[in-house]
Amino acid sequence: MIIGVEGVSCAGKTALANALVQVLDNPLVVPCYYHAAPHPDLLPAPVAASGEEQLAGLTVLLEVEHVRRRRAEEAVSQGRDVIFDRTVDTLLAHTHAVSALHGFPIVQAARQLVLDARPLLPDLTLLLHTSPTVLAARAAKRPGMPPIFYAPDFAQHFIAHFSQPLAPYCTRLDSTPPTAALVPLALRHIQRSRRAPGIAHPWQPDPEGPAAEGSAA
């Protein structure tokens, strides 16, 4: 099974991915684009000066996605689960947010660019979200984090992309609680999806109701 962990920076993606390693059977964690890039210093800036430049940066990131895909496919061929720390939907969510903030009319062009790259999509995406206050507090502990990556307006547009993600199934999880409290809820979604693929559609209420998500708080 391929599991995606999504959300803006400081939402808790890496912490959850690493915690899931302890409860799943020898999964591979595919690191985010920055850590997977052969040369991180060559990655594009978060915000370009134009839509064309933003699309050019997306092309660079898709080259990194190719590296990540190879690693994931090798693990799948060995019968291992794969956890993506950010999925290819991150690239489109980022583009969606930047386009909304700066008026770049490139959302559809970006989507087609990613589709043409034939990305490996997760069977289930866990979309983490929390309040702007929590994001800011976590970012304060990570010196050098570009503010755009967790700014409230950026985060709002980023999350909005997941109303129509590339990944077929997506579940929203409140990541305000400590990771240890979030793991059982995430695991329950994973196990449910493993038993009956395709039950968690974007924006559909949790089958166990709002109380199930809140129970991890």
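The side-chain heavy atoms of Val30 and Ile83, taken from C-beta on, include no pair separated by under 4.5 Å. Contact annotation: the side chain of Pro119 never approaches that of His66 to less than 4.5 Å [non-hydrogen atoms, C-beta and beyond]. A heavy-atom distance below 4.5 Å is found between the side chains of Leu187 and Gln191. Looking at Ile2 and Leu121, their side chains never come closer than 4.5 Å, going by heavy atoms from C-beta outward. For the pair Tyr150 and Met145, the minimum side-chain heavy-atom distance is below 4.5 Å. With a 4.5 Å cut-off on side-chain heavy atoms, Thr171 and Thr125 do not count as touching. A heavy-atom distance below 4.5 Å is found between the side chains of Leu24 and Pro27. The shortest distance between side-chain heavy atoms of Leu92 and Leu166 falls below 4.5 Å.
Side-chain contact annotation: His129 with Asp174, donor-acceptor N/O pair under 3.5 Å absent. Defined by atom type and a distance below 3.5 Å, a donor-acceptor pair is missing between the side-chain atoms of Thr130 and Ser175.
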Taking distance alone, no hydrogens or angles, what donor-acceptor pairs closer than 3.5 Å link side-chain atoms of residues 39-58 to residues at least two apart or in another chain?
{"residue": "Ser50", "atom": "OG", "partner": "Glu53", "partner atom": "N", "Å": "3.1"}
{"residue": "Gln54", "atom": "OE1", "partner": "Ala48", "partner atom": "N", "Å": "2.9"}

Acceptor/donor pairs from residues 3-11 side chains to any protein atom, 3.5 angstrom cut, sequence neighbours excluded:
{"residue": "Glu6", "atom": "OE1", "partner": "Thr90", "partner atom": "OG1", "Å": "2.6"}
{"residue": "Glu6", "atom": "OE2", "partner": "Thr87", "partner atom": "N", "Å": "2.8"}
{"residue": "Glu6", "atom": "OE2", "partner": "Thr87", "partner atom": "OG1", "Å": "2.9"}
{"residue": "Glu6", "atom": "OE2", "partner": "Thr90", "partner atom": "N", "Å": "3.1"}
{"residue": "Glu6", "atom": "OE2", "partner": "Thr90", "partner atom": "OG1", "Å": "2.6"}
{"residue": "Ser9", "atom": "OG", "partner": "Arg86", "partner atom": "NH2", "Å": "3.3"}

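With respect to Arg68 and Asp85, no salt bridge is recorded, no charged nitrogen being found less than 4.0 Å from a carboxylate O.
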Worked verdict on Leu61 versus Val88 for side-chain contact (heavy atoms from CB on, under 4.5 Å): CA-CA 9 Å; Leu61 290 165; Val88 71; over 6 Å; no
Working for side-chain contact (heavy atoms from CB on, under 4.5 Å), residues Asp25 and Asp81: CA-CA 7 Å; Asp25 184 19; Asp81 289 330; 5.5 Å; no
Salt bridge (charged side-chain N to carboxylate O under 4.0 Å, His left out) between Arg70 and Glu73, intermediate numbers included: CA-CA 5 Å; Arg70 287 203 309 266; Glu73 288 177 332; over 6 Å; no
Criterion side-chain contact (heavy atoms from CB on, under 4.5 Å) on Phe162 and Arg172, from CA distance to verdict: CA-CA 9 Å; Phe162 288 90; Arg172 239 181 114 158; over 6 Å; no
Verdict with supporting geometry, Leu62 and Leu113, side-chain contact (heavy atoms from CB on, under 4.5 Å): CA-CA 9 Å; Leu62 285 172; Leu113 194 61; 4.0 Å; yes
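Both Leu126 and Val29 are part of a single hydrophobic cluster, where members link through side-chain heavy atoms under 4.5 Å apart. Under the 4.5 Å side-chain heavy-atom criterion for ILVMFWY residues, no single connected hydrophobic cluster contains both Val67 and Val60. Follow the hydrophobic side-chain contacts under 4.5 Å out from Val134 and you never reach Leu185; the two are in separate clusters. Both Val76 and Phe84 belong to a single network of hydrophobic side chains, linked directly or stepwise wherever heavy atoms of I, L, V, M, F, W or Y lie under 4.5 Å apart. Both Ile148 and Ile159 are members of a single hydrophobic cluster when ILVMFWY side chains are connected at heavy-atom separations under 4.5 Å.
Within 6.0 Å of CG in Asp116 there are more than 12 heavy atoms belonging to other residues, nucleotides or ligands. Surrounding NE2 of His102 are more than 12 heavy atoms belonging to other residues, nucleotides or ligands, all under 6.0 Å away.
Shortest non-hydrogen contact noted between Ala19 and Thr179 is CB-CG2, 3.8 Å. Ala155 and Leu135 get closest at one heavy-atom pair: CB-CD1, 4.5 Å. The two residues Ala72 and Val82 make their nearest non-hydrogen contact at O-CG2, 3.7 Å.
Below 30°, between 30° and 60°, or above 60°: for His161 and His96 the angle between ring planes is between 30° and 60°, a tilted geometry.
Asp89 contributes a side-chain N or O that, together with a main-chain N or O of Ala167, makes up a donor-acceptor pair within less than 3.5 Å. With Ser193 contributing its side chain and His189 its backbone, the two residues share no donor-acceptor pair below 3.5 Å. Put simply, the side chain of Asp123 never gets that close to the backbone of Met1: no donor and acceptor are under 3.5 Å apart. At least one donor-acceptor pair closer than 3.5 Å links the side chain of Ser163 to the backbone N or O of Ala160.
Expressed to the nearest 0.5 Å, how far NE2 of His94 lies from OG of Ser99 amounts to 9.0 Å. Leu28 CG to Arg80 CZ: the interatomic distance, rounded to the nearest 0.5 Å, is 5.0 Å.
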